[in-house]
Structure formats: structure tokens, C-alpha cells
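Note: hydrogens, waters and symmetry copies are ignored here, and every other heavy atom, side chains too, is used. The sequence lines fix the lettering, A, B, ..., with proteins before strands; numbering per chain opens at 1.
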Protein chains: 2
Amino acid sequence: MPDHLSATFAALADPTRRAILARLALGETSVTELAEPFEMSMPAISKHLKVLEHAGLISRGREAQWRPCRLEAAPLKDIAGWVDYYRRFWEESFDRLDDYLRKLQATAPKPQEKKNARKHR
Amino acid sequence: MPDHLSATFAALADPTRRAILARLALGETSVTELAEPFEMSMPAISKHLKVLEHAGLISRGREAQWRPCRLEAAPLKDIAGWVDYYRRFWEESFDRLDDYLRKLQATAPKPQEKKNARKHR
DNA sequence: GAGTTAATTAACTAATTAGTTAAATAAACG
DNA sequence: CGTTTATTTAACTAATTAGTTAATTAACTC
């Protein structure tokens with residue numbers, strides 16, 4: 001995985017892993033307890049944890065024979081930062097050209113002209 | 001892909017696809033122009049676009065022989081909503097048990113324990 | 001030391017992903 | 001019509017992923 005944002009997104013792309021994070025939001029816990037809600041073998045959970053750890057989303061301690069997992073939210077902050085850049089696109093501000101065009105399109109159903117929208121970079 | 005959040009996260013887990021979205025944030029454009037910055041064949045880009053479209057992150061029109069792509073931000077709003085739940089974990093509020101313990105651990109037991117020097121933003 | 005509990009590693013398989021090149025489709029152009 | 005331009009589909013390959021069962025490591029308990 002090249003960059004750390006990709007690793008984080010990839011880790012979050014699995015519902016089991018997101019459920020694990022949701023559980024850890026309630027507090028640190030063991031692998032066995034994390035595994036319990038899932039119809040899945042322990043090694044499968046272990047692998048999911050490894051993916052989460054690799055992405056920096058959890059850390060693992062050691063306490064006797066348990067390896068308690070803890071949520072680490074720093075990568076989530078990066079995700080929030082990344083996605084926030086796009087906020088304006090879902091908050092429907094009508095001051096951008098794009099939205100202007102979108103509005104035009106909504107009101108004038110059949111634009112005949114081939115508007116040369118291609119720009120040079 | 002089961003749920004739509006997973007599909008969105010998976011789509012965002014690739015740097016090429018994120019770059020495509022970044023380009024589309026500047027405005028609607030053609031597949032060829034989207035492909036240009038990448039050392040990658042057109043079919044490869046076409047597949048990336050299909051992934052993005054499947055996740056609802058872009059929509060495609062038709063204008064003569066071009067299929068202009070447009071950013072669709074609704075799924076990003078869902079991502080923002082999901083990640084926002086975890087905001088308290090990176091904003092270091094010290095009113096939770098977890099953070100209390102974390103603080104104890106940082107100050108008390110072992111002098112050469114790693115300092116846990118996370119910064120506020 | 002033997003057994004129990006917690007978790008990981010090894011070895012394997014099936015499915016998915018990300019890329020390739022070559023062929024096909026679709027619309028515009030002369 | 002045949003050609004050009006834009007894009008997709010087909011067919012293939014290599015790498016990665018998500019899961020399995022069996023074996024292993026590690027620490028505690030008797």
C-alpha cells in the first residue's frame with residue numbers, strides 16, 4: 001500500500017473492521033471479546049486486527065495472556081481532513097460555476113448548442 | 001460489496017481514484033483528460049471510473065463522443081458522518097475514562113516509557 | 001511439568017483487484 | 001461511405017484479500 005491515507009481507507013472498507021472500531025470506541029478490550037459478535041474464526045479476526053494495526057487505527061498492549069486492543073483515532077482525523085475538502089460539494093452552495101450550470105440544466109431541459117467545455121490544462 | 005459505506009471506502013482506498021475526484025472538484029471533464037496525468041492505459045482509468053460510479057461518487061453524461069464525468073459528493077457526506085462519530089477520540093477531551101487512564105500511563109509508572117507526545121491540532 | 005486459555009502463524013483456497021493489450025462500439029467528420 | 005476520436009468491453013495475468021483448519025507461541029494455573 002503506497003500512502004497512509006490509502007491504507008486507512010482500505011482498512012475502513014470492511015464492515016467487520018468498522019464494527020471492531022465501533023466496539024473499541026466503547027473501550028479497550030481483548031481479541032476474544034472483539035471476535036465474539038462475528039461468525040468468523042479467531043484467525044480471521046486476528047488478521048482484521050493486523051490490518052487495523054497496520055493502518056494505525058488500533059494499538060495493542062499486553063496484559064498476561066491477553067492482548068488488549070485500543071482505538072487510535074489519528075488516522076481518522078486524516079480521513080476527516082481529506083473528506084472535509086469536499087464538503088462544499090454536498091452542502092449545495094450555489095456560488096460555483098458547476099452549480100450554476102447544474103441549475104441551468106435543471107431549468108433548460110434541451111440545450112442544443114455543443115458548449116465547448118473542454119479546457120486545456 | 002455488501003453495504004454502500006464499504007463500497008465508498010473501497011473506492012477511496014486508491015490514490016488514482018482520489019486524484020480523479022480531486023480533478024473533478026475543479027469541474028466536469030472527459031475521460032481522456034482525466035487519464036492524462038497518469039501513466040496508465042485508458043482501460044485502467046475506465047475501470048477506476050466504473051468503481052467510482054458504482055460507489056456513487058461520480059456520474060456520467062454524454063455529449064457527442066465524450067462521456068463527461070461529474071463529481072457526486074453524497075457518499076462523501078456519509079463518510080464524513082461516519083468518521084465524525086470518532087471525532088472525540090482525536091480531539092483529546094480529557095473527560096473520559098479512557099483518556100484519564102492514558103494520562104496516568106503517560107505521567108506515572110515508567111520513566112523511560114514512550115512519552116505519548118501527541119499534539120493537539 | 002502438564003494442562004488451560006489467549007492469540008498468532010502457517011499453509012492453503014477462492015474471490016477480487018489492478019493492470020495489460022487487442023477488439024468493439026459510438027458518434028462526428030469529410 | 002470510410003476515417004478519426006473517445007471510450008468501453010473482452011480476455012488474460014499477477015497480486016492481494018478474506019476466509020478456512022491445523023499447528024504454534026506465550027503466559028497463567030494447578
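- Of the candidate nucleotides D:dA11, C:dA6, C:dT8, C:dA6 has the atom nearest to the side chain of A:Trp66.
- Candidate nucleotides D:dA18, D:dT9, C:dT9 were compared by shortest atom distance to the side chain of A:Ser46, and C:dT9 ranks first.
- Using a 4.0 Å heavy-atom cutoff across all strands shown, A:Ser30 reaches sugar-phosphate atoms only and no base atom.
- Of the possible polar contacts, one joining the B:Arg17 side chain to the B:Ala10 backbone as a donor-acceptor pair under 3.5 Å is found.
- The side chain of A:Gln65 lies closest to C:dA6, out of D:dA18, C:dA6, C:dA10.
- Base contact: A:Ala44 has a heavy atom under 4.0 Å from a base atom.
- A straight line from CZ of A:Arg67 to P of D:dA27 spans 8 Å, rounded to a whole angstrom.
- Protein atom CG of A:Leu49 is 15 Å distant from nucleotide atom C1' of D:dG19, rounded to whole Å.
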### Message
I'd like to know whether A:Arg18 forms a salt bridge (charged side-chain N to carboxylate O under 4.0 Å, His left out) with B:Asp3, so could you lay out the CA-CA distance, the side-chain angles of the two residues, the decisive distance to 0.1 Å, and finally the verdict.
### Response
CA-CA 12 Å; A:Arg18 290 198 306 278; B:Asp3 56 307; 2.5 Å; yes
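- Taking atom CD on B:Glu36 and atom P on D:dA6, their separation rounds to 11 Å, with Å as the unit.
- Toward the 5' end of DNA chain D, the nearer of the two residues B:Val31 and A:Thr16, judged by each one's closest nucleotide, is B:Val31.
- Taking side-chain N and O atoms only, A:Lys50 has a distance below 4.0 Å to OP1 or OP2 of C:dT9.
- Note: A:Trp82 and A:Phe9 have perpendicular aromatic rings, judged against thresholds of 30 and 60 degrees for the angle between ring planes.
- Comparing atom distances between the A:Met42 side chain and each of C:dT20, C:dT8, D:dT21 picks out C:dT8 as nearest.
- When rounded to the nearest whole Å, the span between CD1 of A:Ile45 and P of C:dA6 equals 15 Å.
- Nearest to the side chain of B:His48, among D:dA27, C:dA18, C:dA27, sits C:dA18.
- Taking only side-chain atoms of A:Arg62, from C-beta outward, the nucleotide of C:dT20, D:dG19, D:dA27 with the closest atom is D:dA27.
- The side chain of A:Pro43 lies closest to D:dT21 when the candidates are D:dA27, C:dC12, D:dT21.
- Each of D:dG19, C:dT9, D:dT9 was ranked by its minimum atom distance to the side chain of A:Met40; first place goes to D:dG19.
- Per the geometry, CG belonging to B:Leu34 stands 10 Å off P belonging to D:dT8, to the nearest Å.
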